[in-house]
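Note sheet for the following structure.
Model, not experiment: these values are computed from the prediction. When reading the values below, keep in mind they use all heavy atoms of this one structure, side chains included, and skip hydrogens, waters and symmetry mates. Numbered from 1 within each chain, the chains take letters A, B, ... in sequence-line order.
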Protein chains: 2
Amino acid sequence: MTTTKTQGATALPLNTILSGDCVEVMNSLPAASVDLIFADPPYNLQLKGQLHRPDNSQVDAVDDHWDQFSSFATYDRFTRDWLKAARRLLKPNGAIWVIGSYHNIFRVGSALQDAGYWILNDVVWRKSNPMPNFRGKRFTNAHETMIWASKSEGGKYTFNYEALKALNEGVQMRSDWVMPICTGHERLKDENGDKAHPTQKPEALLHRILVGSTNPGDVVLDPFFGTGTTGAVAKMLGREFIGIEREDAYRQVAEKRIAKVRKFDREALQVSAGKRAEPRIPFGQLVERGMLRPGEELYSMNQRHKAKVRADGTLIGQNIKGSIHQVGAFLENAPSCNGWTYWCFKRDGKVVPIDVLRQQIRSELEN
Amino acid sequence: MTTTKTQGATALPLNTILSGDCVEVMNSLPAASVDLIFADPPYNLQLKGQLHRPDNSQVDAVDDHWDQFSSFATYDRFTRDWLKAARRLLKPNGAIWVIGSYHNIFRVGSALQDAGYWILNDVVWRKSNPMPNFRGKRFTNAHETMIWASKSEGGKYTFNYEALKALNEGVQMRSDWVMPICTGHERLKDENGDKAHPTQKPEALLHRILVGSTNPGDVVLDPFFGTGTTGAVAKMLGREFIGIEREDAYRQVAEKRIAKVRKFDREALQVSAGKRAEPRIPFGQLVERGMLRPGEELYSMNQRHKAKVRADGTLIGQNIKGSIHQVGAFLENAPSCNGWTYWCFKRDGKVVPIDVLRQQIRSELEN
DNA sequence: CCATACCATGAATCCATCT
DNA sequence: AAGATGGATTCATGGTATG
């Protein structure tokens, strides 16, 4: 453990996990001493019953005691309290990141604004492998939202524009980040082999946040430390961290984890530049975008069949409804069919394969 | 213009753009008469004007904070007012979509929750061609956020799951949608060739929203109608719309625009529906019709269990009597079981799922 | 050793209808 | 109105067992 003296008499307990209630602990630390705060507070999920997958297995819900709040008012009070204590700790040019879902993020965002923070961006973490919506009653909840805010309007927050651009293959970093959820070896397990924490965040997320909004040597505080992703990544990247965590079990896992982490020798920020596959374009997108109209007729390559486009991107032919692929296969009496190359539309008397439209969308996406 | 009589004496002005303040106009319409509301409220530009003090670098922090709070309070009041009026208009099973950016969406989301709406998803519109951040001081603001909420917790909102899945090439629709911003021919221009509205939304966005959360004939209201994207797409898709817009110029553009729109033909508006839409067939009917004989044996999908059909359409297995579902669940020690897909019968040595018989009855019903 | 198949699981506000 | 019942519903990934 390292400590440094700040302007006051109080020592700043660097690279330590403090135990206790985060508001109390934060209030015991010297004001204006922290460069960045990353916070992953309870989401207040308000889950009622149980949920089963279609295969009858039960979903392991986040029903921990620390996520229980009796009302929005209670949650708001909790949020205002910790945001106030956090703001006091920030240096004038400090900043904060908070992550949440639709259950809590609107409360958090409003409280941030009310407390005097200045929102810089909301950043969306698009999960490449989210849990599906098993009952088919809503959209797959495929993202979480992060809010990035400076301590005050006009604060000279840190933003390493070029580093982020480099991380993004030379293109300016956007407000939507695609990353997988934390699984595999990165996911910490307890002695029983169960996940050590129900909501462990991926290190890649913290990597991008810390590279983008701190400099080496900066002090990063995490008031809901959990199993210490923030601390682990901060250590790798040569930043100082302070963790606060109430639960003994989480603190113990985090201590062990961080002890094993080695700081990177150099700027070893390899970006995986793997060849990415061409993005899949659903046929329905051509309809939504008005490139093809519902009711418009498509013609088969060989001109022997036709079918009509429906509003949901399916086709209807004689005796058959389904996707462009299904209808093509049916009409050709074939086991399968690539609808993209099979179907054509007419424009100004010309017959054009629909695949041309797909290419058009793909070229837009490359920008 | 079409109007219909509702339960009260007040007529509902369908397919009309009403002029005036949206709260007053909404309060003049009959309660519980609207299926869906789509709202694109102002993003709190007034706030920005107040907060950006000209070249005053030494602004007192407390003053600044107070300023912020008072401005947000004004915006919050405005938001609460129109959300309350909107909620009154919604049918019990109605729903709302609101779109916004980080400037206002957290206020809107909190107000929605406080007003008794029940958030179903937040959906991110990920722009494939956003405006870059020219000064390189923040992330490219590449998305906007939409909140989808039912009128109340437990409301039986419309969700055309299968149609959305079809739009997405057979994979369940996620909460992040990639779409280009409104440009090109779709972007409405005024007589000077300038854009007619600063924040015209793409029709593709409304297409997905209306296909997903309304049915043909539903009433869709847009209290901030602008140049009428909601009305144009509603008309195409055979939904009824009501627009409210304060500015004469926008109303005029919208009127012209919508007049040109043609409704898609009926067949094209038909959309994929799942099994849930199929009529329910009691298992006992298979016995009554003689498709299965009392005493006949059924075999589980995995061939591990068998049970005997009884005259009343229940099954009897070892230690268990009950419906096809109950017996299946018991034998598999599962919380539930779909007996239709679990049980098979034998004919001419072949094993056939009983669901085939149900399909047979259903196809008879179609005639 | 490799290829394939099977299985487990992730911050989830996840049913509709009839008795 | 509460309780019981019918029966509809999943995607990406990593780990493990099998061949």
Side-chain angles (χ1 to χ4, degrees), chain A residues 40-64 66-69 72 99-105 125 127-145 178 180-187 189 193-195 197-202 224 226, chain B residues 93 113 117-122 148-150 153-157 159 161-162 165 168 170-175 273-284 313-314 322-329 334-343 354-355 358:
Chain A
D40 182 10
Y43 287 8
N44 188 22
L45 286 191
Q46 311 169 66
L47 302 177
K48 303 251 159 49
Q50 296 181 339
L51 180 63
H52 292 90
R53 298 186 181 81
D55 66 2
N56 275 325
S57 64
Q58 191 181 326
V59 174
D60 183 16
V62 179
D63 51 6
D64 305 74
W66 47 255
D67 197 40
Q68 308 299 324
F69 296 86
F72 280 130
I99 184 167
S101 67
Y102 67 84
H103 309 84
N104 72 323
I105 198 66
W125 167 26
K127 302 179 183 182
S128 54
N129 52 346
M131 185 160 70
N133 186 292
F134 296 114
R135 303 295 292 264
K137 302 306 290 183
R138 301 181 179 193
F139 298 95
T140 311
N141 203 348
H143 74 276
E144 294 189 24
T145 301
V178 181
I181 60 176
C182 184
T183 58
H185 288 112
E186 191 186 325
R187 189 83 195 215
K189 301 282 166 37
D194 300 321
K195 57 192 174 193
H197 192 284
T199 70
Q200 187 184 340
K201 295 294 176 289
F224 306 98
Chain B
N93 294 330
Q113 292 176 313
Y117 292 92
W118 190 249
I119 298 182
L120 300 167
N121 277 114
D122 59 336
W148 175 42
S150 58
E153 181 178 1
K156 300 197 189 319
Y157 55 91
F159 185 58
Y161 176 77
E162 292 292 339
K165 195 171 169 180
N168 198 34
V171 183
Q172 120 179 155
M173 187 72 80
R174 301 168 37 118
S175 60
K275 281 193 202 167
R276 277 189 269 244
E278 301 275 308
R280 197 145 137 180
I281 310 290
F283 175 72
T314 56
S323 70
I324 51 173
H325 315 294
Q326 289 167 331
V327 175
S336 73
C337 170
N338 184 343
W340 289 107
T341 54
Y342 181 73
W343 294 107
I354 60 172
D355 206 26
R358 182 170 64 159

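- For the residue pair Ser323(B) / His325(B), no side-chain donor-acceptor distance below 3.5 Å is found, with atom types taken as modelled.
- For Phe283(B) and Trp343(B), the gap between ring centers reaches or exceeds 6.0 Å.
- Going from atom CG of Asp64(A) over to atom C1' of dA11(C) covers 10 Å, rounded to whole Å.
- Using a 4.0 Å heavy-atom criterion, one finds that Arg358(B) contacts the sugar-phosphate atoms exclusively.
- dG7(D) atom P lies 16 Å from atom NZ of Lys137(A), rounded to whole Å.
- Separation of the C1' atoms belonging to dA11(C) and dG15(D) is 23 Å when rounded to the nearest angstrom.
- Below the 3.5 angstrom threshold, one finds no donor paired with an acceptor across the side chain of Thr183(A) and the base of dA12(D).
- Comparing Asn129(A) and Ile281(B) against DNA chain D, the residue whose closest nucleotide sits nearer the 5' end is Ile281(B).
- Straight-line distance between the C1' atoms of dT10(D) and dC7(C): roughly 15 Å, to the nearest whole Å.
- Side-chain to base pairing of Arg138(A) with dT13(C): one donor and one acceptor N or O lie within less than 3.5 Å of each other.
- Phosphate proximity of dT10(D) to Tyr161(B): present, with a side-chain N or O under 4.0 Å from OP1 or OP2.
- Residue Trp118(B) and nucleotide dT13(C) are classified as a stacked aromatic pair, their ring centres being separated by less than 5.5 Å at an interplanar angle below 30°.
- Look at the P atom in both dG7(D) and dC14(C): the space between them is 23 Å, to the nearest Å.
- Here the separation of dT9(D) from dA12(C), taken at their C1' atoms, is 14 Å to the nearest Å.
- Comparing Asn141(A) and Ser57(A) by the nucleotide of DNA chain C that holds the closest heavy atom to each, the one mapping nearer the 5' end is Ser57(A).
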